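For clarity, every value in this text was computed on a predicted model and none was experimentally measured. Residue numbers count from 1 along this sequence.
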Amino acid sequence: MSKNSEAIKKYLSESVEFKQAFEEEQLKLDLADMVFSLREQTGLDQTNFAKKVKKSRSTIARIENAQMEPSLSTLKDIAHSLGKQIEINFVDDNKNNEAASVK
């Protein structure tokens, strides 16, 4: 285990504030991965994907870089434009499952 991983594990167990911030960032990263994977499935670059889903390229880039947490309405717009739907699951805190997935 790396020193960074050890430090993160330690801070997660010691600090409620750190844990909350970490989980919020993890959600952004998960959503970024999902949107990136969805775009990869379409075979489109960011510009053409953005046109297809009627969003700006910069919005898609910010989502994929986890600089922006997309709203539910943005995710719905993306899904609808691609003939997809969104599925959201609530899971127990003690499980390391994805909180949301895109069909």
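- Atom CZ of R57 and atom CZ of R62 lie 9.5 Å apart (nearest 0.5 Å).
- One distance of note links CE of M68 with NZ of K28; it measures 10.5 Å at 0.5 Å rounding.
- The two residues F18 and L12 come nearest to each other via the heavy atoms CD2-N, 3.7 Å.
- Heavy atoms only, all atoms of each residue included: P70 and I63 are closest at CB-CD1, 3.8 Å.
- Taken from CG in N65 to CZ in F36, the straight-line distance is 10.0 Å, to the nearest 0.5 Å.
- Counting only residues at least two apart or on different chains, the side chain to side chain donor-acceptor pair (under 3.5 Å) pairs with a member in residues 4-14 are S2-S5.
- Taking CG of D77 as the reference point, atom NZ of K54 lies at 9.0 Å (rounded to 0.5 Å).
- Within the 4.5 Å cutoff, the side chain of I86 has heavy atoms near those of the I88 side chain.
- Here the closest non-hydrogen pair linking R39 and L44 is NH1-O, 3.0 Å.
- I8 CD1 to K19 NZ: the interatomic distance, rounded to the nearest 0.5 Å, is 14.5 Å.
- Within the 4.5 Å cutoff, the side chain of K55 has heavy atoms near those of the T74 side chain.
- For A32, the side-chain contact (heavy atoms from CB on, under 4.5 Å) partners two or more places apart in sequence, or in a different chain, are A66.
- A heavy-atom distance below 4.5 Å is found between the side chains of L38 and K84.
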